[in-house]
There are 2 protein chains.
Amino acid sequence: MPRPSVEAERREQILSAACEVVSEIGFKSLRIADVAGRAGTSSGTVHYYFDTKTALMRAAFEWNFTRSLERRRHLLEEHQDPPQRLRAFVESYLPGDPETVRAWHVWAELWVEALHDPDLQELNEQVYGEWRRLVASIVRDGQDAGLFRDEDPVVVANALIGMIDGLALQVLLGSRSMTLERMRAVCEQVLRSLTVGSSAQPPLDGRGAGSTAATA
Amino acid sequence: MPRPSVEAERREQILSAACEVVSEIGFKSLRIADVAGRAGTSSGTVHYYFDTKTALMRAAFEWNFTRSLERRRHLLEEHQDPPQRLRAFVESYLPGDPETVRAWHVWAELWVEALHDPDLQELNEQVYGEWRRLVASIVRDGQDAGLFRDEDPVVVANALIGMIDGLALQVLLGSRSMTLERMRAVCEQVLRSLTVGSSAQPPLDGRGAGSTAATA
DNA sequence: CTCTAAGTTGACTGGCCAGTCAGTCCAGAA
DNA sequence: TTCTGGACTGACTGGCCAGTCAACTTAGAG
């Protein structure tokens with residue numbers, strides 16, 4: 001056998017490049033040649049590893065997801081305390097640093113592609129399920145430890161994740177009404193309201209410090 | 001002067017067709033000929049009214065929005081009571097009937113297009129701002145009437161709208177974890193927790209409604 | 001009736017790009 | 001050293017489609 005296989009490495013290069021390009025110009029405008037250029041290779045090579053553009057994109061979406069999970073694995077070790085753990089996860093999803101922004105862009109493109117593609121819907125289902133299960137289990141742990149209010153964890157997870165998705169989208173769109181800072185404030189407010197006996201914002205008194213931030 | 005102008009009518013036909021096609025196959029796959037066919041006219045006519053595909057899409061996005069507003073205007077008259085009004089609005093945004101689903105599809109396409117198009121970002125900003133202002137004012141009215149808990153209305157509006165966007169997306173994607181019914185349930189849970197003295201969940205005790213609102 | 005111009009048509013073109021392919025390169029096996 | 005086959009290249013092609021355009025239709029003005 002000839003050269004040692006460079007397949008894994010090359011695939012990774014290409015997928016990474018594909019995500020960058022998608023994030024920058026969108027799936028619609030993406031040309032194979034762009035990806036090749038970004039990956040420092042030729043369009044022929046891209047086709048050597050991925051039969052069709054569709055296959056490439058599907059792989060890129062998957063790669064984007066596993067990558068996101070990996071980048072967050074350490075959070076589970078760093079934070080044992082459920083409230084801290086949840087907060088750390090939510091914080092890590094705020095579209096702040098370039099890498100997270102890029103991942104969100106790719107994610108958004110996946111959503112819209114998936115609206116007309118059952119395969120991608122399945123991918124979304126897996127990913128979303130995983131994320132939802134994680135959040136729900138953290139909530140459950142927190143409740144068992146008496147640290148979170150006793151709402152239905154699945155409802156809480158759904159509501160929280162939905163909110164993050166919706167807010168992130170607006171932040172990514174450069175909304176003046178929903179900036180990164182404001183998103184963070186809203187998330188913190190919500191997280192605070194989840195915890196038992198959190199000081200800042202007695203549920204009944206209205207305009208606490210928490211809300212203000214978001215307001216701004 | 002020749003024939004009476006049919007411009008307004010024809011434009012409307014085309015925009016409506018464009019929204020239908022976008023909803024069905026997505027912006028990326030949309031061909032001018034598809035729109036023309038759907039509108040019962042020719043591709044030449046589409047170009048007669050809209051110089052470029054981009055111009056057509058921008059107009060379609062705008063049309064989709066004003067249309068959504070119009071379809072909801074009656075809700076303001078039908079419901080004076082803030083909690084009812086808010087509930088009616090939220091209910092009307094659930095992706096249930098085909099028309100609402102179509103509007104959501106178009107909206108999702110706009111989002112992703114806008115990620116790479118400042119003009120569309122501006123459009124999103126206007127629309128999102130309008131919707132956010134409406135929700136916040138309903139919340140404020142409800143608080144003045146002593147019917148809603150005294151959270152910052154802007155935070156509540158942002159959290160609620162973000163949540164609706166994120167959940168709707170999952171419903172549109174045909175998620176098994178997030179069906180229309182489950183979305184409705186989550187929304188109702190959140191709305192309930194917003195109101196003062198709603199039975200279900202006493203505010204200060206762990207399972208309080210107050211916090212839930214935001215929580216969810 | 002004639003003239004005018006808005007409105008409409010669909011064949012056509014020019015550019016773009018996914019995917020193909022014939023050929024090159026090269027690491028290691030024999 | 002030769003041979004093998006995986007890896008890689010980039011010119012090329014075939015199909016697609018936005019946008020153009022020359023020709024036509026029609027409704028009202030004069």
Could you check if a side-chain atom of [X] sits within less than 4.5 angstrom of a side-chain atom of [Y], using non-hydrogen atoms only?
X: A:Cys187; Y: A:Glu91; value: no
X: B:Asp34; Y: B:Arg38; value: no
X: A:Phe148; Y: A:Leu86; value: yes

Please confirm whether the ring centroid of A:Tyr93 lies under 6.0 Å from the ring centroid of A:Trp107.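 For A:Tyr93 and A:Trp107, the ring centres are not under 6.0 Å apart.
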Distance-only donor-acceptor check, side chains B:Gln84 and B:Arg87, under 3.5 Å: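 No, B:Arg87 and B:Gln84 have no side-chain donor paired with an acceptor closer than 3.5 Å.
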Indicate whether any N or O donor in one side chain lies under 3.5 Å from an N or O acceptor in the other, for A:Arg31 and A:Ser43.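 No pair is found: no donor N or O on one side chain lies under 3.5 Å from an acceptor on the other.
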Close residues, residues 14-36 of chain B, relative to DNA chain D [heavy-atom separation under 4.0 Å]: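 Those residues whose heavy atoms fall under 4.0 Å from DNA chain D, taken from residues 14-36 of chain B in numerical order, are B:Leu30, B:Arg31, B:Ile32.
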With the threshold set at under 4.0 Å for non-hydrogen atoms, list the residues of residues 37-61 of chain B touching DNA chain D in residue-number order.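 Under 4.0 Å from DNA chain D: B:His47, B:Thr52, B:Lys53.
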To the nearest Å, how far apart are B:Glu12 CD and C:dG7 C1'?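 Answer to the nearest Å: 18 Å.
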Write down the distance between CZ (A:Arg11) and P (D:dG6), rounded to a whole number of angstrom.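 Spelled out: CZ on A:Arg11 to P on D:dG6 is 17 Å.
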Do we get B:Arg58 above B:Phe50's six-membered ring, with its NZ or CZ under 6.0 Å from the centre and within 45° of the axis?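 No.
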Side chain to side chain contact (heavy atoms under 4.5 Å, CB included) involving B:Val22 - partner list, sequence neighbours excluded: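 For B:Val22, the residues satisfying side chain to side chain contact (heavy atoms under 4.5 Å, CB included) (neighbours in sequence not counted) are B:Leu30, B:Met57, B:Val106, B:Glu109.
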